Amino acid sequence: MPGTIVDSSFVERIAWKMQVTQTQSEGLKREFKVTVPASDLQERRAARLQELARTVNIPGFRPGKVPASVVKQRFGQSVEGEVLDKTINECVSELMKTHDLRPASQPKVDVGQLDDASDLEFTLNLEVLPAITIPETSDITLTRMTAKPAQDGIDKALEELAKRNRSFENIEEARPAKEGDVLNVNFVGKIDGTPFDGGTANDVNVEIGGAGFIPGFAEQIEGMSAGEEKTINVTFPADYQAKELAGKEAQFEIKANSLKKPVDPAIDDELAKKMGFESLEKLRELISSQAENEYSQLTRLRIKRELLDKLAERTDFEAPESMIEAEFGQIWQRIEQDRQNGSLDEEDASKSEDDLRSDYRKIAERRVKLGLLLAEIGREKEISVSREELMGAVQQEAMRYPGQEQAVFEFFGKNPQAVEGLRGPILENKVVDYLIELAQVTDKEVTPEELADMPGASL
């Protein structure tokens, strides 16, 4: 019965005289009191000291002839700690095996007062993984949305490429800069009257009406003519990439050099060759292929989201509180970062702190439950991750850091636990693929816009 303390008369003896009493069984929480007799600890200490006496070298004594009293004086304290750690680890390991416990997180050990003559007593607290009944999945129906690159989408991408490769021609007419013009300027930026690093530049082309590198910069130089000078005031965004400038007010002394107009190149074979392609047709093929890859990834995300939503509806077990807390902590850290950077999305920004925490805690619980369910399905169906798949994941991680690939490989080579950290996502995707194969899937072709309109996860 939840919350009931087990009768202390129920004591098991396992391994070498270790006494284990289960003192709590509430939900997924377990507590055990463990006692190891002082005589057992003394035997272990003595055995370890004897072992050291045969191997240590101490000036003034022949090897193997060091008196026990000297060995104890020199190494007694370290042996005490070594024996204690080893004993506790062995007790916990044996207890887990005997009680068939699958911990959800690192167990907590609380050791009582201890001296040379006392028994070792410690309390073990842990949360266990829940018993998971895998729901029926073969009757799940899914829709696999697909999209094809549209001609107008390819044309728009080519127009963007042409815009990025535009040239600028001088405007000979003496007139103020207006929207659509490009003003070539020199500037000196200052904060509290002092120039700052990166705030000075010459011959910079600024598009009037364009985004500019600081909000308000391009807007305030509209109307300037070649040769004119002006001082403007701007405020760096709170999420500006240079943290030392974020949110700061600055003054820029501007000198207009010349007025220009942007000229987009013709979208033809010459543009393609300038970008390293044989022809415009080859460039179109690349753009189409990239779009297909992007749509394929979106298709995968959409059907995976739908599958997880339907699995969540069929998931009925208690999730370990420690796992939920750990997942929520990671999520909330990102929320706090977005809040500090001013990049929290509009819907979240409008919520109260309590509502925001409540919503993301539900998301954390959902993620933990789905992760446990997928892992259990993988275990039951003997779905595993091969070494080749792990090495492939390491290769993909290295490709994310061009020029630093060797450093990435060295990091994973020195940190096997980091390699193991890649196993979970790979296994999850393999289990998802397995479940999609079992499901009843209907293919539906949609527009790229419909495919990209990802719905939120059901809570």
Side-chain angles (χ1 to χ4, degrees), residues 143-173 175 177-185 201 203-219 221-222 237 239-241 257-305 343 345-346 395-396 398-405 443-455:
T143 301
R144 182 188 287 113
M145 294 185 177
T146 59
K148 295 179 180 179
Q151 191 62 42
D152 58 350
I154 296 175
D155 291 341
K156 185 176 180 181
L158 286 170
E159 289 171 4
E160 289 297 321
L161 286 174
K163 187 175 181 180
R164 289 200 292 269
N165 286 272
R166 61 178 28 171
S167 58
F168 300 95
E169 293 182 357
N170 286 328
I171 297 175
E172 301 301 334
E173 177 188 359
R175 63 170 176 78
K178 62 182 181 181
E179 187 171 347
D181 290 339
V182 171
L183 193 62
N184 181 273
V185 301
D203 295 319
V204 177
N205 290 324
V206 181
E207 181 180 356
I208 305 302
F213 70 96
I214 307 173
F217 190 99
E219 292 86 342
I221 65 173
E222 182 175 355
D239 59 348
Y240 194 65
Q241 56 187 3
N257 299 319
S258 59
L259 191 61
K260 302 182 179 184
K261 64 179 179 180
V263 179
D264 292 346
I267 300 176
D268 55 16
D269 287 345
E270 288 303 314
L271 173 63
K273 289 176 182 178
K274 183 179 179 180
M275 299 184 65
F277 294 88
E278 295 178 10
S279 63
L280 179 61
E281 187 59 33
K282 292 294 183 183
L283 179 55
R284 282 184 174 275
E285 288 176 4
L286 175 68
I287 294 173
S288 179
S289 176
Q290 290 176 334
E292 287 176 355
N293 289 336
E294 180 184 346
Y295 298 161
S296 177
Q297 292 175 15
L298 286 172
T299 293
R300 164 76 178 179
L301 287 174
R302 289 292 296 255
I303 197 169
K304 180 179 178 180
R305 172 67 61 79
S343 56
D345 69 54
E346 187 175 338
Q395 181 77 32
Q396 289 182 347
M399 291 173 62
R400 293 175 55 198
Y401 302 93
Q404 303 178 53
E405 292 88 350
D443 290 311
K444 179 182 179 182
E445 187 170 335
V446 297
T447 66
E449 292 76 18
E450 289 173 323
L451 182 61
D453 186 19
M454 184 77 70

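If you read the sequence from its start, that first residue is 1, and numbering goes on from there. Side-chain atoms are counted along with the backbone in the values below, which use heavy atoms only and exclude waters and symmetry mates. What you are looking at is a predicted structure, and each value in this text was computed from that prediction instead of being measured.
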Please name all residues satisfying side-chain contact (heavy atoms from CB on, under 4.5 Å) with [X], sequence neighbours left out, ordered by chain then number.
{"X": "E292", "result": "P149, S288"}
{"X": "S296", "result": "none"}
{"X": "A147", "result": "Y295, P448, L451"}
{"X": "E173", "result": "I171, R175"}

Look only at the side chain of [X] and the backbone of [Y], and say whether a donor-acceptor pair between them is shorter than 3.5 Å.
{"X": "Q404", "Y": "Y401", "value": "no"}
{"X": "E405", "Y": "G403", "value": "yes"}
{"X": "N293", "Y": "Q290", "value": "no"}

Listed partners of N184 passing side-chain hydrogen bond (donor to acceptor under 3.5 Å, both in side chains), at least two apart: N205, N257
Side chain proximity check, [X] to [Y], heavy atoms < 4.5 angstrom:
{"X": "P215", "Y": "P237", "value": "yes"}
{"X": "T447", "Y": "E450", "value": "yes"}
{"X": "L161", "Y": "I267", "value": "no"}
{"X": "F168", "Y": "V263", "value": "no"}

Enter the distance from [X]:[atom1] to [Y]:[atom2] here, rounded to the nearest 0.5 Å.
{"X": "E294", "Y": "S289", "atom1": "CD", "atom2": "OG", "result": "11.5 Å"}
{"X": "E207", "Y": "I221", "atom1": "CD", "atom2": "CD1", "result": "10.5 Å"}
{"X": "E449", "Y": "D453", "atom1": "CD", "atom2": "CG", "result": "10.0 Å"}
{"X": "K444", "Y": "M145", "atom1": "NZ", "atom2": "CE", "result": "5.0 Å"}
{"X": "E169", "Y": "L259", "atom1": "CD", "atom2": "CG", "result": "12.5 Å"}
{"X": "I208", "Y": "D181", "atom1": "CD1", "atom2": "CG", "result": "7.0 Å"}

Heavy-atom closest contact (G180 atom, P262 atom, distance):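 Closest pair (atom of G180, atom of P262, distance): O-CD, 3.4 Å.
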Taking every non-hydrogen atom, the tightest pair across D269 and L280: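 Nearest heavy atoms, D269 then L280: OD1-N, 2.8 Å.
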With sequence neighbours left out, write down each residue that passes salt bridge (charged side-chain N to carboxylate O under 4.0 Å, His left out) with [X], or none if nothing qualifies.
{"X": "K304", "value": "E428"}
{"X": "R300", "value": "D433"}
{"X": "E172", "value": "none"}

Using atom types as modelled, flag every donor-acceptor pair under 3.5 Å from a side chain in residues 271-278 to any protein atom, sequence neighbours excluded.
none

All pairs passing side chain to side chain donor-acceptor pair (under 3.5 Å) where residues 143-166 contributes a residue, at least two apart: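 Non-adjacent pairs meeting side chain to side chain donor-acceptor pair (under 3.5 Å): R144-D443, D155-R284, R166-D264.
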Residue E179 excluded, over 12 heavy atoms near CD under 6.0 Å: no
